[in-house]
Amino acid sequence: MKHPQKYEEAFARLQEIVCKMEGGQLDIDQITAHMKEAQELITLCKKRLTETEKEIDKLTQAEK
């Protein structure tokens, strides 16, 4: 499965996976696949947040 490129899409997909897991909607085989996807989505979200934070830091430093 191709992962979303936008933070909002990745976060929404992550929420969807969590809801399915919490709701007991997945069998044991699906849980493993969804856990792997969730880990990849978390990594993507963290990367996007870190990149955004660095850009904001650059902009605020340039203003000083």
Side-chain angles (χ1 to χ4, degrees):
M1 174 182 202
K2 185 178 179 199
H3 292 294
Q5 294 301 307
K6 291 187 176 186
Y7 174 86
E8 293 82 8
E9 294 170 355
F11 190 74
R13 176 63 182 145
L14 187 56
Q15 287 180 310
E16 182 183 318
I17 291 169
V18 170
C19 286
K20 285 182 180 180
M21 292 178 79
E22 288 178 343
Q25 299 174 11
L26 304 172
D27 64 35
I28 195 73
D29 295 321
Q30 292 173 317
I31 289 173
T32 303
H34 279 72
M35 285 294 294
K36 182 178 178 185
E37 182 181 0
Q39 286 178 315
E40 292 170 356
L41 290 166
I42 289 167
T43 299
L44 182 131
C45 287
K46 283 182 179 180
K47 179 181 176 193
R48 294 283 191 269
L49 288 171
T50 300
E51 290 170 353
T52 300
E53 183 179 32
K54 287 179 183 178
E55 286 297 316
I56 290 171
D57 286 345
K58 283 181 192 177
L59 292 170
T60 57
Q61 291 299 319
E63 292 177 0
K64 293 182 180 181

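Everything quoted here is computed from the prediction, not taken from an experiment. The residues of the chain are indexed from 1 along the displayed sequence.
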Rounded to the nearest 0.5 angstrom, the NZ-SG distance for Lys6 and Cys45 is 14.0 Å
So CD of Gln15 and CG of Leu41: to nearest 0.5 Å the spacing works out to 11.0 Å
Under 3.5 Å: donor-acceptor pair, side chain of Gln30, backbone of Asp27 = yes
Given the rule in the side chain to side chain contact (heavy atoms under 4.5 Å, CB included) test, do Thr43 and Gln39 qualify, once you have shown the distances and angles that lead to the verdict?
-> CA-CA 6 Å; Thr43 299; Gln39 286 178 315; 5.5 Å; no
Do you reckon Met35 sits in the same ILVMFWY cluster as Leu26, going by side-chain contacts under 4.5 Å, direct or chained?
-> yes
At their closest point, which heavy atom of Ala10 faces which heavy atom of Leu44, and how far apart are they?
-> CB-CD2, 3.4 Å
Hey, is Lys20 close enough to Glu16 for a salt bridge, meaning N to O under 4.0 Å?
-> yes
Indicate if Leu49 and Val18 have the same hydrophobic cluster label, given that clusters are the connected sets of ILVMFWY residues with side-chain heavy-atom separations under 4.5 angstrom.
-> no
Mind checking the CD-CD1 spacing from Glu37 to Ile42? Nearest 0.5 Å is all I need.
-> 11.0 Å
Honestly curious: do Met21 and Leu14 fall in one hydrophobic cluster under the side-chain, below-4.5 Å linking rule?
-> yes
Side-chain ion pair, Glu55 and Lys58, N-O less than 4.0 Å = yes
Give a yes or no on whether Phe11 atom CZ has more than 12 heavy-atom contacts from other residues, nucleotides or ligands under 6.0 Å away.
-> no
Euclidean distance, Ile56 CD1 relative to Glu53 CD, rounded to 0.5 Å = 7.5 Å
